[in-house]
Amino acid sequence: MGTTAGGTAESAVFVDRSGIAVRRADGTTIALDPSKSADCHFTFVSHAHVDHLHRRSRPAGKGDNSSHGSKLIVSRATSLLASARGYDIADGSDDDDEEHDGFQLVDTGHILGSRGLLVGDDEVFYTGDLSTRERAFLKPARLPHARTLIIESTFGRPEYSFPAIDEITHKTNKIISEMYDMGIPVILMGYALGKAQVLTKLFGHWDPVFVHDSVAKMNAIHSDLGVELKHAMGHTEAEEKGLLSKRRPWVMVAPLMSGRNAFVKRMKERYGAVTVGFSGWAVDPRYRYTMGLDYAMPFSDHCDYEELMQAVRQCSPEQVFTFHGFSEEFAASLKRMGFDAKPIAGHEKKKEERRKKEKVATLDSFRSA
């Protein structure tokens with residue numbers, strides 16, 4: 001079945017070929033954001049970022065996308081967003097009824113539709129990716145009590161402390177204002193799904209605002225799901241209509257790309273645009289230079305170190321398992337605070353092998369740069 005990490009009398013946490021999973025006392029197994037089809041009774045998908053998805057859409061008649069008969073647990077928003085990104089996921093539940101056979105979905109504040117999974121009344125809580133601060137239309141996560149907590153630790157070191165959102169927006173608006181005074185366009189860059197919609201909301205008061213085509217696609221789905229975002233034309237249409245000009249400033253929201261990317265090079269050479277990248281990794285001053293950005297803002301869709309600590313206190317678990325990012329360091333910090341904590345062995349290796357195989361671009365690569 002896999003390597004057992006631990007757990008309580010009611011449930012056990014283990015790692016198998018597909019990733020992290022939970023086995024309940026009655027033998028029921030739940031795969032948590034598996035990297036491949038899982039031989040479990042239930043498969044939980046926390047959100048629609050590609051490093052948490054594994055079932056590519058296939059043309060009709062090309063095979064079954066089922067996960068060995070595993071029942072899928074997913075929010076409706078995640079299902080719709082994943083489908084738009086080329087992943088075939090069955091429709092999830094309506095957001096106002098997110099209880100499934102002894103499981104409950106809990107909003108984790110990471111992106112639209114992101115959920116954590118509470119197993120039983122308080123057996124296990126798995127966070128997926130987590131943010132406990134309000135950002136535009138995204139509400140902060142509030143963790144339930146659980147005896148076993150499985151928590152992400154992307155920024156699980158003390159040096160990762162993020163400034164307030166108001167500070168980030170003030171600095172960014174100041175940059176845009178200064179560039180506008182000089183007639184220079186500005187490209188704001190963050191993940192095409194999640195951060196790009198937050199940026200569209202926070203800086204939609206500028207005029208004109210355009211978006212990269214990939215962002216336009218995600219913005220449209222957000223609007224369909226009730227998120228009010230300023231309508232912004234995609235970059236291809238804007239260029240065709242001659243609306244991107246070197247003589248008049250504009251703002252564009254685009255996916256996070258390095259300065260070596262062909263699109264960014266073209267925007268700079270043709271229009272003289274400057275780039276502003278938004279990432280939690282920008283806490284490190286080397287980030288801006290490594291990514292080839294003009295400006296970098298430490299702005300994340302994840303918790304910083306202190307927020308992770310507070311999330312654990314809020315959950316008040318008997319046992320904590322950490323995964324992703326600085327899992328060993330964060331577990332050590334929790335142990336010093338008196339928690340029974342340890343990283344999930346083998347999980348990071350499996351995720352890295354998958355990234356290499358599928359060539360999924362993530363900002364984790366910056367950590368080794």
Side-chain angles (χ1 to χ4, degrees), residues 48-50 56-57 77-87 111-113 135-138 169 172-173 175-279 291-295 297 299 301 361:
H49 279 154
V50 294
R56 279 284 186 186
S57 292
T78 292
S79 179
L80 292 172
L81 289 164
S83 178
R85 308 194 87 188
Y87 289 82
I111 64 172
L112 182 66
R135 305 177 323 285
F137 56 86
L138 293 168
T169 55
T172 303
N173 280 319
I175 291 169
I176 297 172
S177 179
E178 291 172 352
M179 295 302 110
Y180 263 49
D181 287 344
M182 294 185 286
I184 298 173
V186 180
I187 303 177
L188 309 177
M189 300 197 295
Y191 280 132
L193 170 58
K195 200 169 295 175
Q197 287 70 52
V198 172
L199 295 176
T200 302
K201 187 73 171 179
L202 292 176
F203 302 105
H205 58 280
W206 290 97
D207 185 60
V209 173
F210 304 106
V211 295
H212 189 277
D213 292 348
S214 63
V215 174
K217 187 176 182 180
M218 294 298 105
N219 282 10
I221 298 173
H222 278 65
S223 296
D224 290 344
L225 290 168
V227 177
E228 294 184 5
L229 296 175
K230 179 178 181 176
H231 175 72
M233 189 181 296
H235 78 273
T236 299
E237 183 181 357
E239 281 200 288
E240 290 173 349
K241 292 184 175 181
L243 299 177
L244 300 186
S245 172
K246 200 170 185 178
R247 297 183 298 275
R248 182 188 176 204
W250 40 264
V251 167
M252 181 184 293
V253 178
L256 186 55
M257 297 172 274
S258 83
R260 296 173 292 278
N261 179 275
F263 174 81
V264 176
K265 284 183 175 181
R266 183 161 60 85
M267 291 294 109
K268 284 180 164 292
E269 292 169 0
R270 185 172 296 181
Y271 306 112
V274 301
T275 56
V276 186
F278 296 81
S279 171
M291 291 292 291
L293 299 166
D294 295 306
Y295 301 90
M297 297 292 170
F299 180 67
D301 291 332

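Throughout, numbering of the chain's residues begins at 1 and tracks the sequence.
- In this structure, His49 and Tyr191 have tilted ring planes: the angle between them lies in the 30° to 60° band.
- For the atom pair NZ of Lys230 and OG1 of Thr200, the computed distance is 10.0 Å after rounding to the nearest 0.5 Å.
- Here the side chain of Arg85 pairs a donor or acceptor atom with the backbone of Ala48 at under 3.5 angstrom.
- Closest approach of Lys246 to Arg270, counting heavy atoms only: CD-O, 3.5 Å.
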- Message: If you apply the rule side-chain contact (heavy atoms from CB on, under 4.5 Å), what do you find for Leu244 with Met252, and how did you get there?
- Response: CA-CA 10 Å; Leu244 300 186; Met252 181 184 293; 3.9 Å; yes
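- Put simply, the side chain of Lys201 never gets that close to the backbone of Ala136: no donor and acceptor are under 3.5 Å apart.
- Distance alone, capped at 3.5 Å, is enough to place a donor-acceptor pair between the Gln197 side chain and the Gly194 backbone.
- Checked by atom type and distance alone, the side chain of Thr78 pairs as donor or acceptor with a backbone atom of Gly113 at under 3.5 Å.
- Of the inter-residue distances, the one linking Ile111 atom CD1 with Asp301 atom CG reads 8.0 Å to the nearest 0.5 angstrom.
- At distances below 3.5 Å, not a single donor-acceptor pair connects side-chain atoms of Ser177 with backbone N or O atoms of Asn173.
- Nearest heavy atoms, Pro185 versus Ser245: CG-O, 4.0 Å.
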- Message: side-chain contact (heavy atoms from CB on, under 4.5 Å) for Trp206 and Val186? Distances and angles first, verdict last.
- Response: CA-CA 11 Å; Trp206 290 97; Val186 180; over 6 Å; no
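- Two residues are said to be in side-chain contact when any heavy atoms from C-beta on lie closer than 4.5 Å; Leu81 and His222 meet this criterion.
- In this structure, Lys268 contributes its side chain and Gly259 its backbone to no donor-acceptor pair below 3.5 Å.
- Taking the six-membered ring where the residue is Trp, Trp250 and Tyr271 present perpendicular rings, their angle passing 60° and hence far from 30°.
- Taking 4.0 Å as the cut-off between side-chain N and carboxylate O, Glu269 and Lys265 do not count as a salt-bridged pair.
- Side-chain N or O atoms of Lys217 include none that pairs as donor or acceptor with a backbone N or O of Ala192 at under 3.5 Å.
- Taking CG of Asp224 as the reference point, atom CG of Asn219 lies at 11.0 Å (rounded to 0.5 Å).
- Remark: Tyr295 engages no residue in a ring-ring contact (aromatic ring centres under 6.0 Å, His included) (not counting sequence neighbours).
- Atom CG in Leu293 sits 6.5 Å away from atom CG in Leu256 (nearest 0.5 Å).
- Taking CG from Asn261 and CE from Met267, the interatomic distance works out to 10.5 Å, rounded to the nearest 0.5 Å.
- Counting only heavy atoms from C-beta outward, the side chains of Pro208 and Arg248 approach each other to under 4.5 Å.
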- Can you check side-chain contact (heavy atoms from CB on, under 4.5 Å) on Val264 and Ile187, steps first, answer last? CA-CA 9 Å; Val264 176; Ile187 303 177; 5.8 Å; no
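- Proximity of a side-chain donor or acceptor of Thr275 to a complementary backbone N or O of Asp294 within less than 3.5 Å is detected.
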- Could you walk me through whether Thr169 and Phe203 pass side-chain contact (heavy atoms from CB on, under 4.5 Å), step by step? CA-CA 8 Å; Thr169 55; Phe203 302 105; 4.1 Å; yes
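- Taken to the nearest 0.5 Å, the OG1 atom of Thr172 stands 3.5 Å off from the CZ atom of Phe278.
- A distance-only check finds no donor-acceptor pair linking the side chain of Ser83 to the backbone of Ser79 [under 3.5 Å].
- Considering all non-hydrogen atoms of both residues, Asp207 and Tyr180 come closest at O-OH, 3.3 Å.
- Residues satisfying the salt bridge (charged side-chain N to carboxylate O under 4.0 Å, His left out) criterion with Asp213, sequence neighbours excluded, are absent altogether.
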